[in-house]
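Order of listing sets the numbers, starting from 1, for every ligand and every atom in it. If you're wondering where the values come from, they're calculated on a predicted model, not measured in any experiment.
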Amino acid sequence: MKTLFLPPPASSLELLELLRPICWEGRPCDPNRFLKLSRVLDLPPEKLIKSISAVPISRKEEVADFQLCVDSLLENNNDHSRPDVQVQATRLAEKLKCDRVVSEISTGRGTVNFKINRELLTKTVLQQVINDGAKYGLKSELFSGLPQKKIVVEFSSPNVAKKFHVGHLRSTIIGNFIANLKEALGHQVTRINYLGDWGMQFGLLGTGFQLFGYEEKLQSNPLQHLFERLGVHFDEYSGESFYREKSQEVLKLLDSKGLLQKTVKGTAIVDLSGNGDPSLICTVMRGDGTSLYATRDLAAAIDRMDKYNFDTMIYVTDKGQKKHFQQVFQMLQIMGYDWAERCQHLPFGVVQGMKTRRGNVTFLEDVLNEIRSRMLQNMASVKTTKELENPQQTAERVGLAALIIQDFKGLLLSDYQFSWDRVFQSRGDTGVFLQYTHARLHSLEETFGCGYLNDFNTACLQDPQSISILQHLLRFDEVLCRSSQDLQPRHIVSYLLTLSHLAAMAHKTLLIKDSPPEVAGARLHLFRAVRSVLANGMKLLGITPVCRM
Ligand code: ARG
């Protein structure tokens with residue numbers, strides 16, 4: 001994009017860089033960009049990038065746009081030599097002068113706050129959101145230093161012979177989200193569905209194993225259906241039975257390294273404590289010489305390393321398997337595979353009380369049916385519901401959004417109590433609300449057309465509501481960054497819910513219909529930017545935004 005900044009006066013501090021998330025143009029990190037600021041403050045540029053963040057909007061007061069957090073600049077100092085952050089903040093602020101980009105510099109609790117020239121903020125944010133489209137926030141400086149990695153995400157992984165249950169549903173939507181996010185950030189992602197097929201006919205196929213068999217099975221399954229709405233796909237379907245023979249090689253390897261111990265029962269174990277602590281003993285072979293779940297996971301991990309040479313491998317399962325994965329990773333480690341430390345288990349909690357009208361136990365087909373029928377009923381009862389071409393499809397998309405948001409709101413590790421009524425509230429913090437907001441914004445664009453969209457007058461967007469929205473849009477990259485670091489979708493969810501609340505308020509007050517063309521046009525730009533970021537965020541979460549409902 002063409003840079004929209006006004007040329008700074010020669011004496012300026014070039015605080016332009018403060019517009020971190022939005023002035024990035026996809027170039028590799030240019031160390032000069034923070035140089036001037038870094039020189040004035042006598043701080044290394046890398047530290048500045050991490051310590052400057054957009055200020056979260058607040059209901060009560062007008063906030064600055066960016067803040068430099070003194071505490072995070074000092075993070076490596078030990079406590080004794082740590083200077084008072086407030087004093088430091090004041091000292092730093094004194095070194096800085098306003099310029100044509102930064103209109104106000106103040107200090108807060110341990111922060112130096114910056115207010116950006118309002119019109120510049122407006123123009124730059126909106127242009128960037130609109131020009132970057134689906135890439136908005138992803139090209140930020142926050143990610144520019146990160147090398148592209150090969151990431152394997154193993155998720156879903158149901159047991160073919162048994163029913164797909166709520167835990168697998170959670171694994172599917174969480175894994176899909178992680179894979180979407182990492183891929184969007186430029187990493188090379190391999191998605192694996194590791195089917196538990198043990199004990200069924202697939203296992204007996206042995207060497208005659210054929211992927212085709214799995215896919216056929218899956219196609220007649222509501223699972224396939226789920227994957228297609230959610231837009232979930234896999235690069236590899238493998239199964240436990242596939243590793244039957246390779247498990248034997250693993251056993252031989254363990255034996256050759258002196259790690260395998262035979263028990264009196266004829267089973268074989270690996271003693272991870274080295275001193276017989278029963279809680280750290282892992283059984284890897286049955287009495288009849290066949291492998292166990294853990295052995296097959298060892299074989300699968302080694303095979304994936306050979307195949308993909310991954311930098312990170314993430315397993316998404318319920319927290320009940322925590323110990324299992326700890327043991328698998330530890331065994332890989334003592335077998336001499338240093339890359340074991342690249343393996344990571346992402347555990348999630350239990351969903352309680354997910355019952356459908358048909359009965360107590362909830363399986364995938366029941367959940368999907370329930371979602372569809374409840375949503376169709378909801379939609380029929382609401383006056384504002386539009387005539388839809390495909391009401392079934394809309395019901396499903398809105399319903400899945402509801403399910404995903406409910407699931408992603410809290411920490412993944414927490415158990416939560418499921419409630420259909422809460423999930424489907426249209427006004428609360430739900431996926432229905434996100435979809436509704438998206439549909440409303442879309443219809444705004446449809447009604448008023450794109451005639452206004454060539455240019456806009458920034459002076460028309462200086463009211464507090466518009467500014468709050470712009471400030472919120474400014475934080476999208478930080479939120480993506482957080483979720484990518486801790487693998488928790490809740491940061492993105494709460495961001496999108498706030499965005500939707502802001503949009504709902506603005507929709508009431510920032511009228512378009514009876515406003516002069518210039519004002520209407522500028523507002524349409526703003527709403528269009530909101531819809532774009534909302535849609536981007538929803539898609540990352542695995543939600544297909546609807547345009548009508
Ligand atoms: N199929 C297993 C289950 O349903 C989950 C597999 C998890 N992945 C793994 N590599 N062990 O419990």
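- Polar contact with ligand 1: present for N159 (N/O pair, distance under 3.5 Å).
- Any N or O atom pair closer than 3.5 Å counts here, and Y315 shares no such pair with ligand 1.
- For ligand 1, the atoms sitting less than 4.0 Å from at least one non-hydrogen atom of T317 are 7 (C), numbered in the order shown with element in parentheses.
- The Q321 neighbourhood of ligand 1 comprises atoms 3 (C), 5 (C), 12 (O), with distances under 4.0 Å to a heavy atom of that residue.
- For F408 and F348, the ring centers sit 6.0 Å or farther from each other.
- Aromatic rings of F155 and F234 (six-membered ring for Trp) have centroids within the 6.0 Å cut-off, being under it.
- With hydrogens left out, the protein atom closest to atom 8 (N) of ligand 1 is E154 OE1, 2.8 Å, a heavy atom.
- Between R296 and ligand 1 there is no heavy-atom distance shorter than 4.0 Å.
- Partners of Q392 according to the side chain to side chain donor-acceptor pair (under 3.5 Å) rule, which considers only residues two or more places apart in sequence or in another chain, do not exist here.
- Every atom of ligand 1 with a heavy atom of H168 under 4.0 Å away is listed here by number and element: 3 (C), 4 (O).
- At a heavy-atom cutoff of 4.0 Å, ligand 1 is contacted by the side chain of F325 but not by its backbone.
- For residues 531-549, the salt bridge (charged side-chain N to carboxylate O under 4.0 Å, His left out) pairs, not counting sequence neighbours, are E445-R531, E446-R548.
- A centroid separation of 6.0 Å or more is found between the aromatic rings of H233 and F227.
- Taking the six-membered ring for Trp and the full ring otherwise, the centers of F433 and H501 sit less than 6.0 Å from each other.
- Protein heavy atom in closest approach to atom 7 (C) of ligand 1: Y293 OH, 3.4 Å.
- Residue-ligand proximity, D297 to ligand 1, at heavy-atom distances under 4.0 Å covers atoms 9 (C), 10 (N), 11 (N).
- A donor and an acceptor atom, one from each side chain of D303 and Y243, are located under 3.5 Å apart.
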